[in-house]
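Just so you know, ligand 1 is whichever comes first in the structure, and atom 1 is the first atom listed for that ligand.
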Amino acid sequence: MKINKIIIAFLLGGILTGYTQNNDQPKLILQITVDQLRGDLPDKFMTHMGEGGFRYLKENGIWFHNAHYGHANTETVVGHTTLATGADPAVHGMISNVWFDRETGKLNYNIEDPRYHILSDGSDVDEDTELDSSQILASTDGRSPANILVTTFSDELRMTTFGKAKIFGVSVKDRGAVTLAGHTGKAFWFSKVSNEFITSSYYYDKNPKWVDKWNNAKKAAKYGDKSWELLVDTSKYEFANHDDQPWEMDIAGFGTTFPHKYGPSDGKYLGNFLIYSPAGDELTLDFAKSLIIAEEIGQDDITDFLAISFSSTDYVGHLFGPSSLEAEDNMLRLDRTLADLFSYIDKHVGLENTLIVLSADHGGPEAPGYLKSMGINSGYVSPNKWDKEPAIERLKKQFGIGQELILDFFPPYVYLNHDVINEKGLDLKDVQNVISRELMKIEGVSLAISSESLRSNNMPDTYLYRKALKNFNYKRSGDILILLSPQYFFNDFDGEIVAANHGSPWMYDSYVPVIFAGWKLKGKEVNRRIEPKDIAITLANLLGTKPPSGADGEVLLEVIDYK
Ligand SMILES: [Zn+2]
């Protein structure tokens, strides 16, 4: 009898413990990515920010002030996938926004998948109006996460909950949404052509009704004939007297000074102009709000996952640089967008039930023009004609090669013509090495690393080589990795020179904020060095899922020790 009582007590204890654990988990994981938000920017512009946005995170969040990506190529799909999977690009496979596919002989856009077409008519990339230098290289409208080689945290959450957790990714950029939604979630992104949020047949047979309803409301068109104007009084801005800086990109119709006109509601460039301004983030938030209600996010005891990637900071950074009146106003408006999001979540899910994680896919440099105005050396490297460089022409002559030897270049990789190298009976390693040596003589090139030296681990253990290795995927990385000197940039934005271009291994591009907030967490500032890839494994640990399949970050104990 006594033993039975113990057994019953034990069983009850077990049931109660199980119940308590369920209640002990957040109802929602809200993973926010701000594209190109360098780690210092929120604090730098905090003075004129309001309540409830960054200030809420500052006062209530665990803020990691020394988070740096470990990989060499700090680009959008690379960073987003690292955030999603907790893996380095060498392992998750998204080594660049674009890589050369040796089977098709073409440059391949990261999440392109011809099997899964977008579901909305008239929403494919328009080559005439598209200014995104990587997206324009997609040759079909198909999109899926199939190229991501490992599982995401969101995949693991889905499996741990027997397929019950609702998983969503939303962004202006397709690659910002698809990566975080993982293989098991649903992703929506913005078409700059139809000005609608769209998805592909990987996710649905047809749009959910609420998506059609949102699109039919034509919310983007409501910005027609309006302008991006300053949020607060001009006197409040540090850059008030520097609106027109010579290095800012002057896009016809949008211009380099306030107010930036969106043009007519049926204008060809409306979608582009909206995402070049804080309006892109406002639309993303508006769509996410509809999603939260329609999909009943965070309404039961199964933890849901919603990823929102805000893209405007990236476009504004590229066009005007992070030290510009536009970037300053964008920060204030991003702060308002975040405050709006947090208050909406508080109302519908409760911030005490929501674990918020905010980070960025990469940082961003200052514009070369701005650096020069401060007396800091800076410059551009043009990779377009490397095959015709006199030194490369001499090498080709020496090898008896009468055609292209450098087949293609997309940052950060050079792709060589393997067919001609094989035909001539040349050793690939030797060719890579001699070309690397020649390319390293170009002003602004800091290091050219051949893939054969990475493959054979024949290299010094230095900062740049370690970053190169984390970016090196045997099957996808190119023949030679080009790393530019600090403050040097490729002028590759569709042949045009943008104000600022990220992608380097240097601190300004690797530095991002990592902030955990909401739920039961208490505010704390953390200054030790971490990597953004630590986020996924920390979430897995906290939620009791198994780690994503390639995750090798470290669990952030400051977050786990909330109890
Ligand atoms: Zn980005």
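The nearest N, O or S atom of Ser311 is not closer to the Zn ion (ligand 1) than 2.8 Å.
Taking the side chain as every heavy atom from C-beta outward, Glu366 and Tyr508 never approach each other to under 4.5 Å.
Closest to the Zn ion (ligand 1) among the N, O or S atoms of Asp35 is OD1.
A cation-pi arrangement is present between Lys173 and Tyr315, with the terminal nitrogen or guanidinium carbon under 6.0 Å from the aromatic centre and inside a 45° cone about the axis.
The OD2 atom of Asp361 and the NE2 atom of His362 subtend an angle of 100° at the Zn ion (ligand 1), given to the nearest 10 degrees.
More than 12 heavy atoms of other residues, nucleotides or ligands lie within 6.0 Å of CD in Glu525, so this atom counts as buried by the packing criterion.
Electrostatic pairing of Lys533 and Asp88 counts as a salt bridge here, judged by a charged N lying under 4.0 Å from a carboxylate O.
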